[in-house]
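These notes concern the structure reproduced below.
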Amino acid sequence: MSTEADAMPPPTVPHDAPPPDMPDMPVVRGRTAAAAVCLVLGLGLIAGAVAGSCLAGGPRERSAAEAAYERGATLWQGIPVAQLFPPTVRSDAAGPGGAPREWVRAGVAPAADCTEAFDPLLATALAPVGCKRLLRATYTDVTSSSVTTVGLLVTEADTAGMRALRKRFADERLDERPDLMPRPYAPQGTVADRFGLAQRVTWRVDVLTDVPAVVYAVTGFADGRTGIPPQPAAQAVAPGATTVAGQAGLGHEATALAEEVERVFREAAREGRKGATR
């Protein structure tokens with residue numbers, strides 16, 4: 001016997017309807033398209049980053065000037081004494097009127113800190129750049145009539161610090177003040193052993209900015225004479241100078257020896273040259 005349920009026809013299912021247990025296909029296609037877009041965007045970002053890195057050249061390399069400055073901070077540890085302070089220094093035109101000059105090294109001080117190396121006011125002026133090491137030597141001219149101490153102060157400052165110090169020296173003319181004269185080094189038992197504070201006649205102080213250094217020179221007479229008014233080397237070398245320092249050529253002595261040490265140190269820093277230590 002048939003029932004009412006047996007008599008009812010089965011439900012009609014459209015031919016294009018998805019199976020009841022499968023998700024709607026347009027939704028699947030939408031998600032796939034979104035994923036593809038994200039993938040393309042991600043690859044594009046990665047490619048852009050790589051391209052940007054290539055165009056920028058990767059991490060910035062140090063310039064030659066920066067490398068030389070960094071070498072200058074440690075060069076004192078290895079530069080030979082005979083390179084920085086040669087036993088003999090000659091110049092064809094370093095004297096008054098372009099006359100030739102020659103100096104002989106009287107002695108070299110051990111590398112040291114800056115304690116008691118400068119008069120108090122000069123020490124205060126140099127304090128902002130610090131003192132990593134101080135190298136000094138004293139020369140006499142071939143006639144043994146003049147003596148000159150030349151020094152190289154290796155600082156702890158960066159380029160900005162050195163530029164600031166140089167600007168201050170220029171603005172305030174600190175290199176022209178007698179109360180900011182460097183102190184001499186007087187190696188005992190040499191022609192320079194009477195070169196004391198009272199014997200200083202002329203001086204020069206150069207604040208460098210391409211290397212972390214201050215180069216200075218101070219000059220006097222080898223016979224120990226005193227009472228001569230001190231004069232900056234820049235004034236003593238001026239044409240027509242009638243002062244003792246100018247007439248005796250002491251300003252030329254200080255200038256030439258300081259410039260020689262500057263030249264050697266700068267070249268060594270640029271070229272990265274090092275040799276045996278003391």
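Computed from a prediction, not measured in an experiment: that's the story for all the values here. Count residues from 1 along the sequence.
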Are E70 and D158 side-chain neighbours, meaning at least one heavy-atom pair lies under 4.5 Å?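 Side-chain contact under 4.5 Å: no.
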| message | Do L208 and R266 have side chains that approach each other closer than 4.5 Å (heavy atoms only, starting at C-beta)? | response |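 Heavy-atom side-chain distance check passes, below 4.5 Å.
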Compare every heavy atom of [Y] with every heavy atom of [X], then report the nearest pair and how far apart it is.
X: A213; Y: F265; answer: CB-CE2, 4.2 Å
X: D119; Y: R183; answer: OD1-NE, 2.8 Å
X: W103; Y: D141; answer: CD1-CA, 3.8 Å
X: A222; Y: V147; answer: CB-CG1, 3.9 Å
X: L153; Y: G130; answer: CD1-O, 4.3 Å

* **R173 side chain to A170 backbone, donor-acceptor under 3.5 Å** =>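 Looks like no, no N/O pair under 3.5 Å.
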Requested in this report: Say whether, by atom type as modelled, one donor and one acceptor occur between the side chain of W203 and the main chain of D175 under 3.5 angstrom.
Outcome: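 Looks like yes, one N/O pair under 3.5 Å.
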Discussion item. Does the Lys NZ or Arg CZ of R225 fall within the cation-pi geometry relative to F221 - under 6.0 Å from the ring centre and within 45° of the axis?
Written reply: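 Yes, a cation-pi geometry holds between R225 and F221.
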Per the disulfide bond (SG atoms under 2.5 Å apart) rule, what does the pair list look like for residues 114-226, sequence neighbours excluded?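 Checked against disulfide bond (SG atoms under 2.5 Å apart) - neighbours excluded - the pairs reaching residues 114-226 are C114-C131.
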| query | Just one of D223, T140, L250 clears the side-chain contact (heavy atoms from CB on, under 4.5 Å) bar with S146, so which one? | reply |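 In the set D223, T140, L250, the residue that makes a side-chain contact (heavy atoms from CB on, under 4.5 Å) with S146 is L250.
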Could you tell me if T219 and T202 have a donor-acceptor pair between their side chains, going purely by distance under 3.5 Å?
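The answer is no; no qualifying pair exists.
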Hey, mind stepping through R90 and D92 against salt bridge (charged side-chain N to carboxylate O under 4.0 Å, His left out) and telling me if it holds?
CA-CA 7 Å; R90 298 181 180 88; D92 293 334; over 6 Å; no
